[in-house]
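The structure appears below as structure tokens.
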Amino acid sequence: MENSSSFDESSDLGYQQSTSSMDQNDQSTEYSPFSGDSFAYCRSNSEASNLSSLEPVDDNHSFASSDLQPSPPSRWIAAATMKTESSHHHGAALSSLGGMKKRMHSLDSKSDDLDLLESELEMMKERFAKLLLGEDMSGGGKGVCTAVTISNSITNLYATVFGQNLKLEPLKAEKKAMWRREMNCLLSLCDYIVEFAPTAQCLDDGTIVEMMTSRPRSDIYINLPALQKLDTLLMEILDSFKDTEFWYAEQGSMSGNSRAGSFRRVVVQRKDEKWWLPVPCVHPGGLSDKSRKHLIEKRDCANQIHKAAMAINSSVLAEMVIPETYMANLPKSGRACLGDTVYRYMSSADKFSPDHLLDCLKISSEHEALELADRVESSMYTWRRKACLSNSKSSWNKVKDLMAETDRKDKNFLLAEKAETLLFCLKQRYPELSQTSLDTCKIQYNQDVGKAILESYSRVLEGLAFNIVAWIEDVHCADKSMRNQHV
């Protein structure tokens with residue numbers, strides 16, 4: 001029957017028949033949704049009456065039971081009209097049900113958004129608690145200071161967002177949103193790090209008075225906008241590699257591809273110590289001129305960003321106070337710490353050449369370079385301390401003359417200057433060099449929140465820029481390999 005089929009269809013869409021609205025005389029029905037609080041939709045009595053009047057017309061039973069007389073033709077016309085109108089209302093009802101389904105889907109998506117918001121709120125509560133507790137979850141007050149906690153937070157956030165990003169491709173939307181949201185939260189602390197400076201104020205009567213006003217601290221005012229600009233540029237570089245002429249393949253899946261296998265002998269052999277990195281592949285013949293030009297431009301841009309971030313990081317570290325723990329543990333002799341070979345070259349050479357010395361040392365690994373940097377830095381501060389002690393005077397005027405030209409002839413002072421030059425050249429030759437023992441000690445004992453934010457932010461941007469340059473170089477190696485095969 002048409003009525004029963006319409007009822008079944010309505011029931012499948014989430015409606016049930018309301019028994020309280022049944023009337024045997026007029027056989028009218030009303031339908032109510034399961035969750036009327038969320039979806040305020042109610043069919044009118046006229047619609048329900050029309051739905052209940054959809055009874056089949058039988059020729060054998062078309063007479064009234066009271067007088068057994070045939071119904072006038074107008075009744076038939078009215079019945080047909082009612083049937084047409086009921087069909088129209090039935091279609092309108094189904095259309096309304098379709099709209100309700102869309103509203104249900106919209107509310108479901110809003111519910112998902114609320115769940116995501118709640119999870120993010122819980123995460124922010126956890127971060128705030130760790131910040132206040134100094135990462136000491138026992139609450140015993142044995143945690144680290146606020147500066148170290150924020151530095152660790154920025155470092156851990158970078159590892160979470162970019163730790164699995166090993167390819168030259170845009171960052172996922174959720175990862176990018178997470179990076180922006182949490183970095184903005186951590187950097188908001190800089191809005192409240194201010195310094196007082198005298199400014200001239202003109203009163204209503206024309207009197208000029210000097211007043212102390214607050215302004216952002218000078219190092220934050222200069223470096224933080226620059227770091228945020230570098231951050232934006234790095235994201236733009238990653239976003240520019242959406243539709244590329246190269247792709248990546250895991251090393252374990254390259255054996256079946258003869259083209260990739262031949263490339264593997266050229267490139268992957270260079271990365272034996274980093275076997276986990278995916279391998280870039282290009283089409284036979286190499287990249288197009290447009291794609292190759294794009295890679296060169298982005299590599300140069302990322303290289304400049306790397307240098308800028310490294311310069312900011314070095315300047316911030318240089319301004320940090322040297323911990324007393326580091327000074328107390330310095331070796332007593334700079335010669336014993338640095339080694340006889342390096343010491344003889346530094347003390348005997350009339351014209352000291354740090355590049356020539358590094359060439360003679362033949363450093364073969366990053367570990368050896370870092371070990372040498374630690375020894376050079378320790379010797380430098382040992383000689384500086386000896387120079388200060390040997391030239392200490394009782395008179396203040398003589399103390400001010402400590403850095404005068406006459407005192408620069410001191411042997412310890414000259415050795416300290418040469419060690420500083422050698423350390424600078426060593427870091428320039430190995431830009432990917434890890435932090436030295438002094439840098440790590442400064443970060444560990446630093447209590448300045450502003451310097452902690454600038455140092456950690458510049459450090460993670462320096463690492464990201466270096467990775468982008470390395471990824472682009474890998475693609476260049478793959479392109480060069482394929483072009484040489486088709487010469």
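Keep in mind that this is a model prediction, so the values were computed, not measured.
- Within the structure, ring-ring contact (aromatic ring centres under 6.0 Å, His included) pairs that include any residue of residues 178-200 comprise Phe162-Trp179 (at least two apart or interchain).
- Under the rule for a salt bridge (charged side-chain N to carboxylate O under 4.0 Å, His left out), the partners of Arg181 that lie at least two apart in sequence or sit in another chain are Glu120.
- Applying the ring-ring contact (aromatic ring centres under 6.0 Å, His included) test to residues at least two apart or on different chains, none of the pairs has a partner in residues 323-342.
- Applying the salt bridge (charged side-chain N to carboxylate O under 4.0 Å, His left out) test to Lys307 and every residue at least two apart in sequence or in another chain returns nothing.
- Two residues are said to be in side-chain contact when any heavy atoms from C-beta on lie closer than 4.5 Å; Gln447 and Val144 fail this criterion.
- In this structure, the salt bridge (charged side-chain N to carboxylate O under 4.0 Å, His left out) partners of Glu455, at least two apart in sequence or on a different chain, are Arg459.
- Listed by chain and number, the residues in a side-chain hydrogen bond (donor to acceptor under 3.5 Å, both in side chains) with Asn156 amount to none (sequence neighbours excluded).
- Taking His294 as the reference, Phe241 meet the ring pair (Phe, Tyr, Trp, His ring centres under 6.0 Å) condition, with sequence neighbours excluded.
- For Ala373, the side chain to side chain contact (heavy atoms under 4.5 Å, CB included) test picks out Leu423, Leu426, Leu433, Thr436, with sequence neighbours left out.
- In this structure, the side chain of Asn446 does not engage the main chain of Lys442 through any donor-acceptor pair within 3.5 Å.
- Judged as a salt bridge (Lys or Arg N to Asp or Glu O under 4.0 Å), the pairs with a partner in residues 332-341 (not counting sequence neighbours) are, in order, Arg335-Asp340.
- With sequence neighbours excluded, no residue forms a salt bridge (charged side-chain N to carboxylate O under 4.0 Å, His left out) with Glu377.
- For Glu182, the side chain to side chain contact (heavy atoms under 4.5 Å, CB included) criterion is met by Met123, Arg127, Leu157, Met178, not counting sequence neighbours.
- Qualifying side chain to side chain contact (heavy atoms under 4.5 Å, CB included) partners for Leu166, counting only residues two or more places apart in sequence or in other chains: Trp276, Leu277, Pro278.
- At least one donor-acceptor pair closer than 3.5 Å links the side chain of Ser347 to the backbone N or O of Tyr343.
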